[in-house]
Protein chains: 2
Amino acid sequence: MPRVLKKPSSTGCSVERALSLIDGKWKIVILYKLLRGTLRFNELRRLIPGVTQRMLTNQLRELEADGLIVRVVYAQVPPRVEYSLSARGESLEPVLLALKDWGDTNLSSIEAQAA
Amino acid sequence: MPRVLKKPSSTGCSVERALSLIDGKWKIVILYKLLRGTLRFNELRRLIPGVTQRMLTNQLRELEADGLIVRVVYAQVPPRVEYSLSARGESLEPVLLALKDWGDTNLSSIEAQAA
DNA sequence: GCACATAGTGTCTAAAAGGATACCGTGAAG
DNA sequence: CTTCACGGTATCCTTTTAGACACTATGTGC
């Protein structure tokens, strides 16, 4: 997406502002994958084909800054970093599931039409 | 958002592909406003402060191309163009409402935290 | 001594998104 | 005669996004 200026806050309706938090090519997918539980950095990378290391890092940092996910670093070698949904992230579950349901039932016909 | 190349189709999961259809700074807001019924171009413009004429036109065209909204032109002067949700657009209602609910209950605390 | 795995960071660049501004035709109103 | 409303277009320019690629540290295994 476009991307909304960081925290314009007072502008727009709640839908618009909610969007700014999950805006980014990979954020929703990341949140969706984390619905099923904690994942490590490279596990996420493997689950989301196409994402680059840099983008994954960026998106995870933004999600963390917005309080939607939790990042836990274990002081080990090799490093171990685990990502999981925060309570707030989990509260997005209805949105994520609604989106997936919609995709599952509508995408095939839409893509067929576009072809 | 970034914006996904037009119809890469076979890539990514259903969530990811569903996202590409509602990607764009204003699309979800437009769909949300149309949930309540048909609106004319300038009505939408007034309901969505901050959108420019060009962007509104672009987003409406893309939504139409993806079969989510219907555009009806009346041959009158001054012109009258009405936009409404297609059946497919209406099927997004659960997603839109889930997003709004989430925003209403979570945005204030998130924005307070960010401040 | 070499490569490997983890979880990154840095830089550079291309492409896309989106904003600003000006302009268009028509008919009715003043 | 001028202006207004409507629903756009056209052009230009800036910002944002995100992809490629190289590089890092550390400890372990071969």
Side-chain angles (χ1 to χ4, degrees), chain A residues 1-8 11-12 16 19-30 33-34 38-66 69-84, chain B residues 1-8 11-12 16 19-30 33-34 38-66 69-84:
Chain A
M1 282 172 202
R3 260 356 132 284
V4 167
L5 315 151
K6 280 293 148 199
K7 319 290 175 199
T11 66
E16 203 168 336
L19 278 175
S20 72
L21 296 179
I22 53 177
D23 190 20
K25 190 169 177 181
W26 308 102
K27 284 189 190 172
I28 295 202
V29 184
I30 292 170
K33 299 296 183 189
L34 288 177
T38 298
L39 289 171
R40 298 180 59 178
F41 185 85
N42 277 349
E43 286 175 331
L44 275 170
R45 203 144 82 99
R46 280 186 286 266
L47 284 173
I48 308 176
V51 75
T52 61
Q53 231 166 4
R54 203 178 74 92
M55 282 312 301
L56 185 53
T57 304
N58 283 354
Q59 304 279 290
L60 288 169
R61 291 291 188 279
E62 289 187 24
L63 288 169
E64 191 193 2
D66 286 330
I69 65 173
V70 177
R71 178 171 180 264
V72 181
V73 183
Y74 296 87
Q76 301 179 357
V77 169
R80 174 182 190 83
V81 180
E82 289 186 345
Y83 293 92
S84 52
Chain B
M1 283 175 201
R3 261 353 129 290
V4 167
L5 317 148
K6 280 293 146 197
K7 320 292 176 197
T11 66
E16 204 168 335
L19 279 175
S20 72
L21 296 179
I22 53 177
D23 191 20
K25 191 168 179 181
W26 309 102
K27 284 190 190 173
I28 295 202
V29 184
I30 292 170
K33 299 296 182 188
L34 288 177
T38 297
L39 289 170
R40 299 179 58 176
F41 186 84
N42 276 348
E43 287 175 330
L44 275 170
R45 205 145 81 99
R46 280 186 286 266
L47 284 173
I48 309 176
V51 76
T52 61
Q53 228 167 7
R54 199 179 75 94
M55 283 312 300
L56 185 52
T57 304
N58 281 354
Q59 303 280 290
L60 288 169
R61 291 291 188 280
E62 289 187 23
L63 288 169
E64 190 194 3
D66 287 331
I69 65 172
V70 177
R71 178 171 181 265
V72 181
V73 183
Y74 296 87
Q76 300 179 359
V77 169
R80 174 182 190 84
V81 181
E82 290 186 344
Y83 293 93
S84 52

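Under 4.0 angstrom from either OP1 or OP2 of D:dA5 there lies no side-chain N or O belonging to B:R45. A sub-4.0 Å separation between OP1 or OP2 of D:dG7 and a side-chain N or O of B:R61 is absent. The side chain of B:K25 contributes no N or O atom lying less than 4.0 Å from OP1 or OP2 of D:dT16.
Across C:dG27, C:dA7, D:dG8, the shortest atom-to-atom separation from the side chain of B:F41 is found for D:dG8. Nearest to the side chain of A:M55, among D:dG27, D:dA5, D:dG19, sits D:dG19. If you check C:dT6, C:dG8, C:dT26 against the side chain of A:T57, the one that comes closest is C:dG8. Side-chain atoms of B:T52 lie closest to C:dA20 of the nucleotides C:dA20, C:dT26, D:dG8. Ranking C:dA7, C:dA22, C:dG19 by closeness to the B:Q53 side chain, first place goes to C:dA22. Side chain of A:R40, nearest nucleotide from C:dG18, C:dT6, D:dG27: C:dT6. When distances run from any side-chain atom of A:P78 to the nucleotides D:dA18, C:dA22, C:dT6, the shortest one goes to C:dT6.
Rounding to the nearest 0.5 Å gives a distance of 13.0 Å between CG of B:N58 and NZ of B:K25. Note that the CZ atom of A:R46 and the CG atom of A:N42 stand 5.5 Å from one another [nearest 0.5 Å].
Using a 4.0 Å heavy-atom distance criterion, B:E82 is classed as making no nucleic acid contact.
Across the protein-nucleic acid pair, B:N58 atom CG and D:dT11 atom C1' stand 13 Å apart, rounded to whole Å. The CZ atom of B:R71 sits 10 Å away from the P atom of D:dG7 (whole-angstrom rounding). Put simply, OH on B:Y74 is 18 Å from C1' on D:dG8, counting in whole angstrom units. At whole-Å resolution of the value, CG in A:D23 and P in C:dA16 are 18 Å apart. Computed from coordinates, the A:I48 CD1 to D:dG19 P distance equals 12 Å when rounded to whole Å. Between the CG atom of B:L44 and the P atom of D:dG7 there is a distance of 10 Å, given to the nearest Å. Taking atom CD of A:E64 as the reference point, atom C1' of C:dA7 lies 14 Å away to the nearest angstrom. Taking atom CG of A:L56 as the reference point, atom P of D:dC21 lies 19 Å away to the nearest angstrom.
Contact between A:L44 and A:K33 at its shortest, heavy atoms only, is CD2-CB, 4.1 Å. Here the closest heavy-atom approach between residue A:W26 and residue A:Q59 is recorded as N-OE1, 3.3 Å. In this structure, A:L63 and A:I30 approach most closely via the heavy-atom pair CD1-CG2, 3.9 Å.
Comparing B:V51 and B:V77 by the nucleotide of DNA chain C that holds the closest heavy atom to each, the one mapping nearer the 5' end is B:V51.
Looking at heavy atoms from C-beta onward, A:T38 lies out of side-chain contact with A:V70 at the 4.5 angstrom threshold.
A donor-acceptor contact under 3.5 angstrom links the side-chain atoms of B:R54 to the base of C:dG19.
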